[in-house]
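See structure below.
Basis for what follows: all heavy atoms, side chains included, without hydrogens, waters or symmetry-related copies.
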Amino acid sequence: MLKGKKIRDMNLNERLLILGLMEDVLKEKKHKTQKIKDLFENLGDLINNTVSGSKISIIKDFSQANAFHTIQVSSEEGTQLARLHMMYFKKPISAYYLVYVEVQYPYRKKGLGTRVINHFNSFLEQKSSIGILDNVIPKDDPTYDIYLKNGWQSATQLISPELIKKGGDYMFYIPSKLEITDVKGSLNKIIYHIHRRKTYIHMRENESMVQKTLSEFMEIYSALCTYFKEELRTNTHTPLLRYMFTRFATKLISFRRRISELIGYTGGESLEQLRISEEVKAIPIQSYTPRGLTGPSELIYGDLNLY
């Protein structure tokens with residue numbers, strides 16, 4: 001069995017990935033095993049230190065025309081904490097359409113969303129380009145205020161009401177060098193162009209999601225192999241090992257089914273990239289939470305083997 005010190009030697013991302021697979025176990029208030037307790041040791045401090053030491057950068061995808069630009073926040077080790085995808089429109093006026101902002105779950109409510117938006121605003125000021133957001137966030141959601149408090153404004157007075165009805169709750173960021181009167185006419189044309197390209201944008205978004213999710217599955221598999229290194233080496237199929245790899249396989253199968261339903265996805269990223277060892281393939285399935293991990297001890301009557 002992996003010792004507590006070995007768990008503490010795992011990096012933060014590996015520990016978070018393992019905990020992410022333990023959602024059923026973590027619903028319980030008490031965690032009975034020292035191994036699970038070790039995973040939580042100093043976790044809050046590690047997350048805060050990772051966020052405070054993170055770096056922000058802009059990445060351009062040159063793989064094809066009209067590809068996404070990405071503003072990305074990464075830890076010193078290269079783990080992605082948050083990202084913003086945007087698409088550039090050159091005509092009739094320079095503009096960047098914000099496709100979506102994503103903050104990884106463990107790092108939310110740490111100010112990363114605001115940091116990404118502020119960086120995007122500075123980028124727009126530098127480029128003298130308009131920022132466009134088709135905001136699907138409900139107005140009563142606290143996240144909605146992030147944009148309003150950082151210089152974004154509603155589209156109500158800027159574009160045709162017909163375009164708002166067809167699209168959504170558009171918001172704009174107008175750089176200080178530009179006047180609203182100078183761009184108002186161009187905004188209608190840009191929004192109309194975005195409407196026409198929505199299907200393509202969703203296709204590109206799906207491709208990006210598949211690439212990222214496949215990368216996460218590879219990371220989870222690597223973390224599991226690290227977490228259960230000793231058990232795999234000795235071919236010891238403990239209930240916890242069986243349960244965790246079953247959880248992993250179940251999520252992988254579900255993801256495979258979802259891919260076929262995505263708009264315009266052609267299978268550019270293959271799940272065959274994820275190489276699973278023969279030792280892992282031979283692990284017996286266990287779909288239920290191992291007895292003794294959480295909650296009080298259980299008293300069983302009858303045939304224990306049958307149970």
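- Between A82 and V116, the shortest heavy-atom contact is CB-CG2, 4.2 Å.
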* To do: Show the numbers, then the answer: is there a side-chain contact (heavy atoms from CB on, under 4.5 Å) between F89 and I130?
  => CA-CA 10 Å; F89 290 89; I130 298 172; over 6 Å; no
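- Rounding to the nearest 0.5 angstrom, the gap separating the CD atom in E219 from the OG1 atom in T79 is 6.5 Å.
- Between L84 and V73, the closest side-chain pair of non-hydrogen atoms is not below 4.5 Å.
- L98 is not listed as a side-chain neighbour of Y173, based on a closest heavy-atom distance of 4.5 Å or more.
- Nearest approach of R242 to I285, heavy atoms of both residues: NH2-O, 3.2 Å.
- The aromatic rings of F245 and Y221 stand perpendicular to each other, their planes meeting at an angle above 60°, with 30° marking the opposite boundary.
- Atom-to-atom distance recorded for L224:CG and R247:CZ is 11.5 Å, nearest 0.5 angstrom.
- Here the straight-line distance linking atom OH of Y100 with atom CG of L133 works out to 14.0 Å at 0.5 Å rounding.
- The closest donor-acceptor contact from the side chain of S222 to the backbone of M218 lies at 3.5 Å or more, if one exists at all.
- Across every non-hydrogen atom of L81 and S75, the tightest pair is CG-N, 4.0 Å.
- Proximity of a side-chain donor or acceptor of S254 to a complementary backbone N or O of T250 within less than 3.5 Å is not detected.
- Between Q104 and L112, the closest side-chain pair of non-hydrogen atoms is not below 4.5 Å.
- Side-chain contact between R115 and S54 is present, with heavy atoms from C-beta onward closer than 4.5 Å.
- By the side-chain contact (heavy atoms from CB on, under 4.5 Å) test, T114 pairs with N118, I146, N150, sequence neighbours left out.
- Scored by the side-chain contact (heavy atoms from CB on, under 4.5 Å) test, S129 finds S94, Y96, L124, K127 as partners (sequence neighbours excluded).
- Q286 contributes no side-chain N or O that, together with a main-chain N or O of T246, makes up a donor-acceptor pair within less than 3.5 Å.
- Using a 3.5 Å distance cut-off with no hydrogens or angles, the side chains of N121 and H119 do not pair a donor with an acceptor.
- Across all their heavy atoms, I47 and P106 have their closest contact at CG2-O, 3.7 Å.
- By the rule that hydrophobic residues join a cluster once side-chain heavy atoms approach within less than 4.5 Å of another member, I253 and V280 end up as members of separate clusters.
- Residue pairs meeting the salt bridge (Lys or Arg N to Asp or Glu O under 4.0 Å) criterion with at least one member in residues 101-112, sequence neighbours excluded, are R83-E102, E102-K212.
- Within the 4.5 Å cutoff, the side chain of F248 has heavy atoms near those of the I276 side chain.
- Taking CD of E231 as the start and CG of L241 as the end, the distance is 6.0 Å to the nearest 0.5 Å.
- The shortest heavy-atom contact between M171 and Y147 is CE-CB, 3.8 Å.
- Proximity of I283 to L232: side-chain heavy atoms (C-beta onward) are separated by under 4.5 Å at one or more points.
- Residues S74 and K55 fail the side-chain proximity criterion, which asks for heavy atoms closer than 4.5 Å.
- The shortest side-chain heavy-atom distance between Y107 and L16 falls under the 4.5 Å cut-off.
- The shortest heavy-atom contact between S128 and K177 is OG-CD, 3.4 Å.
- Between T70 and Q72, the side chains place no donor N or O within less than 3.5 Å of an acceptor N or O (distance only, hydrogens not considered).
- To the nearest 0.5 Å, atoms NE2 (H69) and CD1 (I58) are separated by 8.5 Å.
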